[in-house]
Amino acid sequence: MNAHPKDMLHEILGAALSAVAPDKAVSKYVSLDGDTLLIDDVTYYLNTFENIYVVGAGKGAAPMAAQLEEILGNRITDGIICVKYDHTVPLTIIRTIEGAHPVPDANGERGARAILELVANAGKKDLVLCCITGGASALTPALVEGISLDDGKKVTQLLLDCGANINEINAIRKHMSIFGSGNLARAAYPAPLAALIISDVIGDNLDVIASGPTSPDNSTFKDCMDIFERYKLTDKVPVNILAHMQSGAEGTIFETPKVGDPVFDSVQNLLVATNEQALQAASVKAEELGYTPRIVTSTMSGEARSVASDIAKQAQKASNGKTPKLCLLSGGETTVTLTGKGMGGRNQEMALAAAVALDGCPNIAMLCAGTDGSDGPTDAAGGFALPDSLKRAKECRIDPQVYLADNDSYRYLKSTGDLLQTGPTLTNVMDICITLVQHEPF
Ligand SMILES: O=C(O)C(=O)CO
(Lines give C-alpha, C1' and ligand atoms only; values in the text may rest on other atoms or scores of the structure.)
Protein backbone atom coordinates (compact mmCIF):
# COMPACT_ATOMS: atom_id res chain seq x y z
CA MET A 1 0.00 0.00 0.00
CA ASN A 2 1.17 3.55 -0.75
CA ALA A 3 2.34 5.60 2.21
CA HIS A 4 0.16 8.58 3.05
CA PRO A 5 1.54 11.74 1.33
CA LYS A 6 1.53 13.60 4.65
CA ASP A 7 3.81 10.95 6.20
CA MET A 8 6.21 11.08 3.26
CA LEU A 9 6.32 14.87 3.36
CA HIS A 10 7.08 14.68 7.10
CA GLU A 11 9.85 12.19 6.44
CA ILE A 12 11.48 14.32 3.75
CA LEU A 13 11.32 17.40 5.97
CA GLY A 14 12.84 15.39 8.85
CA ALA A 15 15.81 14.44 6.69
CA ALA A 16 16.29 18.05 5.62
CA LEU A 17 16.23 19.30 9.21
CA SER A 18 18.56 16.63 10.45
CA ALA A 19 21.16 17.60 7.81
CA VAL A 20 21.30 21.17 9.16
CA ALA A 21 21.13 20.42 12.89
CA PRO A 22 23.40 23.00 14.59
CA ASP A 23 25.36 20.50 16.69
CA LYS A 24 26.16 18.42 13.61
CA ALA A 25 27.04 21.55 11.64
CA VAL A 26 29.58 22.54 14.30
CA SER A 27 31.15 19.13 14.64
CA LYS A 28 31.48 18.86 10.87
CA TYR A 29 33.82 21.87 10.81
CA VAL A 30 35.39 22.05 14.28
CA SER A 31 37.76 19.50 15.80
CA LEU A 32 40.31 19.44 18.57
CA ASP A 33 43.48 17.39 18.58
CA GLY A 34 45.47 17.99 21.76
CA ASP A 35 46.10 21.71 21.78
CA THR A 36 45.27 22.17 18.12
CA LEU A 37 41.85 23.48 17.29
CA LEU A 38 40.95 23.15 13.64
CA ILE A 39 38.08 25.24 12.29
CA ASP A 40 37.62 24.30 8.66
CA ASP A 41 41.11 25.00 7.25
CA VAL A 42 42.31 27.39 9.95
CA THR A 43 44.41 26.15 12.84
CA TYR A 44 44.32 27.75 16.28
CA TYR A 45 47.05 26.64 18.71
CA LEU A 46 45.22 26.79 22.00
CA ASN A 47 48.40 26.89 24.10
CA THR A 48 49.06 30.34 22.62
CA PHE A 49 45.78 31.73 24.01
CA GLU A 50 45.09 32.85 27.54
CA ASN A 51 41.31 32.79 27.34
CA ILE A 52 38.67 31.35 25.06
CA TYR A 53 35.35 33.18 25.00
CA VAL A 54 32.27 31.74 23.31
CA VAL A 55 29.50 34.12 22.39
CA GLY A 56 26.58 33.87 20.04
CA ALA A 57 23.05 34.69 19.15
CA GLY A 58 20.16 33.27 17.20
CA LYS A 59 17.54 30.59 17.32
CA GLY A 60 20.11 27.82 16.90
CA ALA A 61 22.93 29.29 18.98
CA ALA A 62 22.31 27.07 22.01
CA PRO A 63 23.00 23.67 20.40
CA MET A 64 26.00 25.18 18.62
CA ALA A 65 27.38 26.44 21.92
CA ALA A 66 26.69 23.06 23.52
CA GLN A 67 28.72 21.40 20.80
CA LEU A 68 31.61 23.78 21.43
CA GLU A 69 31.41 22.91 25.13
CA GLU A 70 31.50 19.25 24.13
CA ILE A 71 34.62 19.81 22.01
CA LEU A 72 36.49 22.30 24.20
CA GLY A 73 35.22 21.48 27.71
CA ASN A 74 36.65 23.66 30.44
CA ARG A 75 39.15 25.26 28.13
CA ILE A 76 36.32 27.73 27.59
CA THR A 77 36.85 30.64 29.98
CA ASP A 78 33.41 32.19 29.76
CA GLY A 79 30.61 32.78 27.32
CA ILE A 80 27.18 34.28 26.72
CA ILE A 81 24.57 33.53 24.08
CA CYS A 82 21.28 35.28 23.29
CA VAL A 83 18.52 32.93 22.16
CA LYS A 84 14.79 33.09 21.59
CA TYR A 85 12.55 32.11 24.51
CA ASP A 86 12.33 28.31 24.78
CA HIS A 87 15.29 27.79 22.44
CA THR A 88 17.68 26.75 25.20
CA VAL A 89 19.67 23.60 25.88
CA PRO A 90 21.62 22.84 29.07
CA LEU A 91 25.06 24.48 29.09
CA THR A 92 27.80 24.20 31.67
CA ILE A 93 30.06 27.23 31.23
CA ILE A 94 28.35 29.43 28.66
CA ARG A 95 25.52 31.57 30.01
CA THR A 96 22.20 31.86 28.16
CA ILE A 97 20.03 34.94 27.93
CA GLU A 98 16.58 34.49 26.42
CA GLY A 99 14.85 37.28 24.50
CA ALA A 100 11.95 38.02 22.17
CA HIS A 101 11.77 37.39 18.43
CA PRO A 102 10.90 38.79 15.84
CA VAL A 103 10.06 42.00 17.66
CA PRO A 104 12.84 42.49 20.21
CA ASP A 105 12.63 43.08 23.96
CA ALA A 106 14.75 44.40 26.82
CA ASN A 107 16.18 40.97 27.66
CA GLY A 108 17.71 40.75 24.20
CA GLU A 109 19.19 44.19 24.63
CA ARG A 110 20.66 43.22 28.02
CA GLY A 111 22.13 40.07 26.47
CA ALA A 112 23.68 41.90 23.52
CA ARG A 113 25.28 44.48 25.78
CA ALA A 114 26.62 41.73 28.05
CA ILE A 115 28.23 40.00 25.06
CA LEU A 116 29.80 43.24 23.85
CA GLU A 117 31.20 43.85 27.33
CA LEU A 118 32.60 40.33 27.54
CA VAL A 119 34.40 40.43 24.20
CA ALA A 120 35.65 43.95 24.81
CA ASN A 121 37.85 42.36 27.51
CA ALA A 122 39.46 40.07 24.96
CA GLY A 123 42.91 40.94 23.69
CA LYS A 124 45.35 39.57 21.11
CA LYS A 125 46.08 36.56 23.32
CA ASP A 126 42.45 35.55 23.64
CA LEU A 127 40.29 33.66 21.19
CA VAL A 128 36.66 34.58 20.57
CA LEU A 129 34.37 31.94 19.08
CA CYS A 130 30.93 33.00 17.85
CA CYS A 131 27.84 30.94 17.12
CA ILE A 132 25.58 32.87 14.81
CA THR A 133 22.23 31.86 13.39
CA GLY A 134 19.15 33.55 12.06
CA GLY A 135 17.06 35.31 14.63
CA ALA A 136 20.08 37.09 16.01
CA SER A 137 19.10 40.48 14.59
CA ALA A 138 16.04 40.62 16.81
CA LEU A 139 17.73 38.87 19.71
CA THR A 140 20.56 41.41 20.04
CA PRO A 141 18.80 44.78 19.88
CA ALA A 142 21.55 46.97 21.32
CA LEU A 143 20.97 50.25 19.53
CA VAL A 144 22.98 53.41 18.97
CA GLU A 145 22.59 56.25 21.42
CA GLY A 146 19.45 58.28 20.86
CA ILE A 147 17.38 55.37 19.52
CA SER A 148 15.33 53.57 22.15
CA LEU A 149 14.31 49.94 22.09
CA ASP A 150 10.70 51.09 21.63
CA ASP A 151 11.71 52.98 18.48
CA GLY A 152 13.56 49.88 17.32
CA LYS A 153 10.48 47.73 17.92
CA LYS A 154 8.25 50.16 16.02
CA VAL A 155 10.46 50.21 12.96
CA THR A 156 10.88 46.41 13.04
CA GLN A 157 7.11 45.94 13.08
CA LEU A 158 6.64 48.43 10.21
CA LEU A 159 9.25 46.63 8.14
CA LEU A 160 7.76 43.21 8.87
CA ASP A 161 4.28 44.39 7.88
CA CYS A 162 5.16 46.21 4.64
CA GLY A 163 6.63 43.17 2.88
CA ALA A 164 10.24 44.38 2.92
CA ASN A 165 12.72 41.56 2.33
CA ILE A 166 15.38 40.55 4.85
CA ASN A 167 18.17 42.46 3.06
CA GLU A 168 16.09 45.61 3.38
CA ILE A 169 14.98 44.96 6.96
CA ASN A 170 18.55 44.26 7.98
CA ALA A 171 20.00 47.32 6.24
CA ILE A 172 17.85 49.36 8.63
CA ARG A 173 18.63 47.18 11.65
CA LYS A 174 22.37 47.33 10.91
CA HIS A 175 22.37 51.10 10.77
CA MET A 176 20.78 51.35 14.22
CA SER A 177 22.80 48.58 15.85
CA ILE A 178 25.92 48.56 17.96
CA PHE A 179 26.04 44.73 17.74
CA GLY A 180 25.26 43.86 14.07
CA SER A 181 27.02 45.24 10.99
CA GLY A 182 30.48 44.12 12.09
CA ASN A 183 30.21 45.73 15.49
CA LEU A 184 30.69 42.49 17.41
CA ALA A 185 33.98 41.98 15.54
CA ARG A 186 34.87 45.60 16.26
CA ALA A 187 34.22 45.08 19.98
CA ALA A 188 36.36 41.93 20.04
CA TYR A 189 39.22 43.47 18.04
CA PRO A 190 42.17 42.80 18.28
CA ALA A 191 41.31 39.29 19.54
CA PRO A 192 41.26 36.63 16.81
CA LEU A 193 37.65 35.67 16.18
CA ALA A 194 36.08 32.67 14.46
CA ALA A 195 32.38 32.82 13.68
CA LEU A 196 30.40 29.69 12.86
CA ILE A 197 27.36 30.76 10.92
CA ILE A 198 24.10 29.07 9.94
CA SER A 199 22.49 30.93 7.07
CA ASP A 200 18.83 31.82 7.01
CA VAL A 201 19.00 34.29 4.15
CA ILE A 202 18.82 33.96 0.38
CA GLY A 203 22.28 34.10 -1.15
CA ASP A 204 23.91 33.34 2.24
CA ASN A 205 25.38 36.84 2.41
CA LEU A 206 27.44 37.08 5.56
CA ASP A 207 26.57 40.71 6.13
CA VAL A 208 22.85 39.94 6.06
CA ILE A 209 22.69 36.76 8.15
CA ALA A 210 21.85 37.85 11.69
CA SER A 211 22.68 41.44 10.54
CA GLY A 212 26.30 40.39 10.09
CA PRO A 213 27.79 40.98 13.56
CA THR A 214 31.22 39.74 12.44
CA SER A 215 31.11 40.78 8.81
CA PRO A 216 31.87 43.96 6.82
CA ASP A 217 28.60 45.67 5.93
CA ASN A 218 27.65 46.15 2.28
CA SER A 219 24.66 48.40 2.93
CA THR A 220 24.68 52.13 3.49
CA PHE A 221 22.68 54.87 5.21
CA LYS A 222 21.61 55.97 1.74
CA ASP A 223 20.11 52.47 1.17
CA CYS A 224 18.15 52.88 4.40
CA MET A 225 16.61 56.16 3.20
CA ASP A 226 15.74 54.51 -0.14
CA ILE A 227 14.04 51.63 1.68
CA PHE A 228 11.92 54.01 3.77
CA GLU A 229 10.87 55.74 0.57
CA ARG A 230 10.24 52.51 -1.35
CA TYR A 231 7.79 51.29 1.28
CA LYS A 232 6.36 54.75 2.02
CA LEU A 233 7.55 54.58 5.60
CA THR A 234 9.18 58.01 5.76
CA ASP A 235 6.18 59.50 7.58
CA LYS A 236 5.63 56.45 9.76
CA VAL A 237 9.04 55.60 11.27
CA PRO A 238 10.00 57.22 14.59
CA VAL A 239 11.41 60.68 13.90
CA ASN A 240 14.74 60.07 15.61
CA ILE A 241 15.36 56.96 13.46
CA LEU A 242 14.62 58.97 10.34
CA ALA A 243 16.90 61.78 11.56
CA HIS A 244 19.67 59.24 12.29
CA MET A 245 19.46 57.71 8.80
CA GLN A 246 19.27 61.13 7.20
CA SER A 247 22.39 62.34 9.03
CA GLY A 248 24.17 59.15 7.99
CA ALA A 249 23.16 59.61 4.34
CA GLU A 250 24.46 63.18 4.52
CA GLY A 251 27.77 61.88 5.88
CA THR A 252 27.60 63.40 9.35
CA ILE A 253 27.58 59.98 11.09
CA PHE A 254 30.22 57.30 10.49
CA GLU A 255 29.18 54.46 8.20
CA THR A 256 29.15 50.88 9.52
CA PRO A 257 32.51 49.02 9.17
CA LYS A 258 33.19 48.05 5.56
CA VAL A 259 35.50 45.64 3.70
CA GLY A 260 39.12 46.49 4.43
CA ASP A 261 38.45 47.75 7.94
CA PRO A 262 41.28 46.35 10.12
CA VAL A 263 38.74 45.03 12.68
CA PHE A 264 38.19 42.14 10.25
CA ASP A 265 41.90 41.32 9.82
CA SER A 266 41.83 38.33 12.16
CA VAL A 267 38.21 37.28 11.66
CA GLN A 268 37.27 33.89 10.22
CA ASN A 269 33.65 33.76 9.07
CA LEU A 270 32.51 30.25 8.21
CA LEU A 271 29.14 29.07 6.91
CA VAL A 272 28.37 25.73 8.56
CA ALA A 273 24.76 25.09 7.41
CA THR A 274 22.62 26.39 4.57
CA ASN A 275 19.25 25.90 2.93
CA GLU A 276 21.01 24.22 -0.01
CA GLN A 277 22.35 21.50 2.31
CA ALA A 278 18.84 20.90 3.64
CA LEU A 279 17.49 20.61 0.09
CA GLN A 280 20.22 18.13 -0.84
CA ALA A 281 19.29 15.93 2.14
CA ALA A 282 15.61 16.21 1.23
CA SER A 283 16.48 15.03 -2.30
CA VAL A 284 18.22 11.95 -0.97
CA LYS A 285 15.23 11.05 1.22
CA ALA A 286 12.74 11.69 -1.62
CA GLU A 287 14.72 9.32 -3.81
CA GLU A 288 14.66 6.66 -1.08
CA LEU A 289 10.89 7.02 -1.05
CA GLY A 290 10.72 6.38 -4.79
CA TYR A 291 10.46 9.96 -6.09
CA THR A 292 12.76 11.57 -8.62
CA PRO A 293 14.01 14.66 -6.81
CA ARG A 294 14.34 18.02 -8.51
CA ILE A 295 15.73 21.01 -6.67
CA VAL A 296 13.87 23.83 -8.35
CA THR A 297 15.53 26.66 -6.46
CA SER A 298 17.26 27.57 -3.23
CA THR A 299 16.42 31.24 -3.75
CA MET A 300 12.62 31.12 -3.56
CA SER A 301 11.32 34.60 -2.81
CA GLY A 302 8.40 36.89 -3.55
CA GLU A 303 4.82 37.17 -2.38
CA ALA A 304 3.89 33.88 -0.66
CA ARG A 305 0.57 33.33 -2.41
CA SER A 306 1.92 33.90 -5.91
CA VAL A 307 4.99 31.74 -5.30
CA ALA A 308 2.65 28.96 -4.09
CA SER A 309 0.40 29.17 -7.12
CA ASP A 310 3.44 29.14 -9.44
CA ILE A 311 4.67 25.95 -7.76
CA ALA A 312 1.17 24.48 -8.00
CA LYS A 313 1.09 25.24 -11.73
CA GLN A 314 4.52 23.70 -12.22
CA ALA A 315 3.38 20.60 -10.32
CA GLN A 316 0.19 20.29 -12.36
CA LYS A 317 2.22 20.44 -15.53
CA ALA A 318 4.65 17.85 -14.19
CA SER A 319 1.81 15.50 -13.22
CA ASN A 320 1.27 14.91 -16.95
CA GLY A 321 5.00 14.78 -17.65
CA LYS A 322 7.40 11.93 -18.26
CA THR A 323 8.42 11.26 -14.66
CA PRO A 324 5.89 9.05 -12.86
CA LYS A 325 6.87 10.18 -9.34
CA LEU A 326 8.54 13.52 -8.87
CA CYS A 327 9.54 15.54 -5.81
CA LEU A 328 9.92 19.26 -6.43
CA LEU A 329 12.02 21.03 -3.82
CA SER A 330 12.19 24.77 -3.34
CA GLY A 331 14.06 26.61 -0.62
CA GLY A 332 14.19 30.25 0.34
CA GLU A 333 11.89 32.68 2.02
CA THR A 334 8.77 34.36 0.72
CA THR A 335 7.09 37.44 2.14
CA VAL A 336 3.50 38.35 2.91
CA THR A 337 2.18 41.82 2.33
CA LEU A 338 -0.49 42.09 4.99
CA THR A 339 -3.81 43.40 3.80
CA GLY A 340 -6.14 41.38 6.03
CA LYS A 341 -6.51 41.09 9.78
CA GLY A 342 -6.03 37.35 10.13
CA MET A 343 -3.30 35.28 11.65
CA GLY A 344 -0.67 33.25 9.84
CA GLY A 345 2.79 33.12 8.40
CA ARG A 346 4.39 32.95 4.99
CA ASN A 347 4.48 29.13 4.88
CA GLN A 348 0.92 28.80 6.08
CA GLU A 349 -0.20 31.37 3.53
CA MET A 350 1.64 29.40 0.83
CA ALA A 351 -0.07 26.17 1.90
CA LEU A 352 -3.50 27.81 1.84
CA ALA A 353 -2.85 29.46 -1.53
CA ALA A 354 -1.57 26.13 -2.90
CA ALA A 355 -4.67 24.29 -1.68
CA VAL A 356 -6.78 26.82 -3.56
CA ALA A 357 -4.65 26.62 -6.70
CA LEU A 358 -4.49 22.81 -6.70
CA ASP A 359 -8.26 22.62 -6.23
CA GLY A 360 -8.31 19.09 -4.85
CA CYS A 361 -5.91 17.65 -7.46
CA PRO A 362 -5.62 13.99 -6.39
CA ASN A 363 -1.99 13.45 -7.38
CA ILE A 364 -0.19 16.44 -5.85
CA ALA A 365 0.69 17.03 -2.19
CA MET A 366 2.66 19.94 -0.82
CA LEU A 367 4.29 20.92 2.46
CA CYS A 368 5.51 24.45 3.17
CA ALA A 369 7.67 24.64 6.27
CA GLY A 370 9.79 27.10 8.19
CA THR A 371 12.87 25.12 9.15
CA ASP A 372 13.02 26.86 12.53
CA GLY A 373 9.62 25.46 13.48
CA SER A 374 8.03 28.87 13.67
CA ASP A 375 6.04 30.61 10.96
CA GLY A 376 4.83 34.14 11.57
CA PRO A 377 3.50 35.01 15.01
CA THR A 378 1.93 31.56 15.46
CA ASP A 379 2.73 28.23 17.10
CA ALA A 380 2.86 26.51 13.69
CA ALA A 381 5.83 25.87 11.39
CA GLY A 382 3.81 25.84 8.19
CA GLY A 383 1.11 23.83 6.49
CA PHE A 384 0.10 21.11 4.07
CA ALA A 385 -1.90 21.29 0.85
CA LEU A 386 -3.17 17.76 0.35
CA PRO A 387 -5.50 16.22 -2.21
CA ASP A 388 -8.38 16.18 0.30
CA SER A 389 -7.67 19.57 1.91
CA LEU A 390 -10.53 21.39 0.18
CA LYS A 391 -12.93 18.55 0.91
CA ARG A 392 -12.14 18.92 4.60
CA ALA A 393 -12.65 22.67 4.35
CA LYS A 394 -16.09 22.04 2.88
CA GLU A 395 -16.90 19.68 5.72
CA CYS A 396 -15.93 22.45 8.17
CA ARG A 397 -18.02 24.90 6.11
CA ILE A 398 -15.14 27.28 5.60
CA ASP A 399 -14.20 29.05 2.40
CA PRO A 400 -10.45 29.08 1.68
CA GLN A 401 -10.74 32.22 -0.48
CA VAL A 402 -12.23 34.18 2.40
CA TYR A 403 -9.41 33.13 4.73
CA LEU A 404 -6.77 33.86 2.11
CA ALA A 405 -8.19 37.33 1.50
CA ASP A 406 -7.90 38.03 5.24
CA ASN A 407 -4.33 36.57 5.60
CA ASP A 408 -5.96 34.11 8.00
CA SER A 409 -4.09 30.97 7.01
CA TYR A 410 -3.49 29.79 10.60
CA ARG A 411 -7.18 29.52 11.48
CA TYR A 412 -7.99 27.94 8.12
CA LEU A 413 -5.29 25.26 8.38
CA LYS A 414 -6.11 24.61 12.01
CA SER A 415 -9.74 23.93 11.08
CA THR A 416 -8.82 21.58 8.23
CA GLY A 417 -6.11 19.80 10.22
CA ASP A 418 -3.43 20.92 7.76
CA LEU A 419 -1.14 22.82 10.12
CA LEU A 420 2.45 21.68 10.53
CA GLN A 421 3.43 21.95 14.19
CA THR A 422 6.97 20.88 15.03
CA GLY A 423 7.81 23.22 17.90
CA PRO A 424 11.23 24.94 17.88
CA THR A 425 13.68 22.87 15.81
CA LEU A 426 16.69 24.88 17.08
CA THR A 427 17.98 25.30 13.56
CA ASN A 428 17.13 27.93 10.95
CA VAL A 429 17.87 27.72 7.23
CA MET A 430 14.77 29.59 5.98
CA ASP A 431 11.87 27.68 4.44
CA ILE A 432 11.41 24.56 2.40
CA CYS A 433 8.56 23.72 0.10
CA ILE A 434 8.26 20.01 -0.77
CA THR A 435 5.85 18.98 -3.51
CA LEU A 436 5.14 15.37 -4.36
CA VAL A 437 3.72 14.89 -7.84
CA GLN A 438 2.74 11.59 -9.37
CA HIS A 439 0.82 10.25 -12.32
CA GLU A 440 -1.43 8.13 -10.11
CA PRO A 441 -3.64 9.56 -7.36
CA PHE A 442 -2.24 9.06 -3.86
O1 LIG B 1 17.02 36.26 11.42
C2 LIG B 1 17.85 37.16 11.52
O3 LIG B 1 18.42 37.53 12.52
C4 LIG B 1 18.16 37.84 10.34
O5 LIG B 1 18.20 39.00 10.35
C6 LIG B 1 18.50 37.04 9.18
O7 LIG B 1 19.49 36.17 9.52
Side-chain angles (χ1 to χ4, degrees), residues 20 22 25 55-62 64 81-85 87 97-105 108-109 111-112 115 130-143 152-153 155-160 164-177 179-184 195-215 217-219 223-224 227 256 269-276 278 298-301 331-335 345-347 370-377 381 424-431:
V20 291
V55 295
K59 293 178 193 170
M64 292 177 88
I81 53 167
C82 294
V83 302
K84 184 172 172 174
Y85 293 114
H87 286 55
I97 296 179
E98 295 174 72
H101 181 283
V103 178
D105 71 0
E109 179 180 6
I115 290 176
C130 302
C131 306
I132 294 172
T133 76
S137 306
L139 293 166
T140 55
L143 305 181
K153 283 184 186 176
V155 82
T156 307
Q157 195 63 62
L158 284 168
L159 290 162
L160 290 171
N165 67 37
I166 192 68
N167 292 36
E168 295 165 329
I169 295 176
N170 281 0
I172 309 290
R173 284 165 156 172
K174 285 187 284 187
H175 284 82
M176 309 188 300
S177 175
F179 188 94
S181 52
N183 280 306
L184 177 60
L196 309 169
I197 302 168
I198 295 183
S199 171
D200 72 329
V201 305
I202 289 173
D204 302 330
N205 290 338
L206 294 176
D207 73 318
V208 182
I209 305 165
S211 291
T214 58
S215 162
D217 182 23
N218 288 317
S219 67
D223 295 335
C224 296
I227 292 160
T256 48
N269 280 313
L270 179 69
L271 273 177
V272 295
T274 63
N275 183 271
E276 177 71 36
S298 61
T299 59
M300 171 178 78
S301 65
E333 192 170 278
T334 62
T335 43
R346 52 185 188 267
N347 288 288
T371 57
D372 58 358
S374 142
D375 187 43
T425 61
L426 300 192
T427 191
N428 187 7
V429 292
M430 299 183 282
D431 304 333

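Remember, it's 1-based here, ligands and their atoms both numbered in the order they're listed.
Atoms of ligand 1 lying under 4.0 Å from any heavy atom of Val201, numbered from 1 in the order shown and given with element: 6 (C), 7 (O). Proximity to Ile209 (heavy-atom distance under 4.0 Å) selects the following atoms of ligand 1: 7 (O). Set against the non-hydrogen atoms of Gly134, the atoms of ligand 1 under 4.0 Å away are 1 (O), 2 (C), 3 (O), 7 (O). Close approach of ligand 1 to Asn170 (heavy-atom distance below 4.0 Å) involves ligand atoms 4 (C), 5 (O), 6 (C). For ligand 1, the atoms lying closer than 4.0 Å to a non-hydrogen atom of Arg173 are 5 (O).
Here the side chains of Ser301 and Asn165 are not in contact, with every heavy-atom distance at 4.5 Å or above.
For His175, the ring-ring contact (aromatic ring centres under 6.0 Å, His included) partners two or more places apart in sequence, or in a different chain, are Phe221.
No part of Thr133 comes within 4.0 Å of ligand 1, judged by heavy-atom distances.
The closest protein non-hydrogen atom to atom 1 (O) of ligand 1 is Gly135 N, 2.5 Å. The shortest contact between atom 6 (C) of ligand 1 and any protein heavy atom is with Asp200 OD1, 3.1 Å.
Of the residues listed (Thr334, Thr371, Asn275, Asn347), the one engaging Asp431 in a side chain to side chain donor-acceptor pair (under 3.5 Å) is Asn347, and it is the only one.
Around atom 4 (C) of ligand 1, the closest heavy atom drawn from Ser137, Gly212, Ser211, Ala138 belongs to Ser137.
For the pair Asn428 and ligand 1, the shortest N or O to N or O distance does not fall below 3.5 Å.
Asn170 contributes no side-chain N or O that, together with a main-chain N or O of Asn167, makes up a donor-acceptor pair within less than 3.5 Å. The backbone N or O of Gly60 lies less than 3.5 Å from a partner atom in the side chain of Thr133, making a donor-acceptor pair.
Looking at Asp207 and Lys174, a side-chain N of the basic residue comes within less than 4.0 Å of a carboxylate O on the acidic one, giving a salt bridge.
Separating the CG atom in Asn218 from the OG1 atom in Thr256 is a distance of 9.0 Å, to the nearest 0.5 Å.
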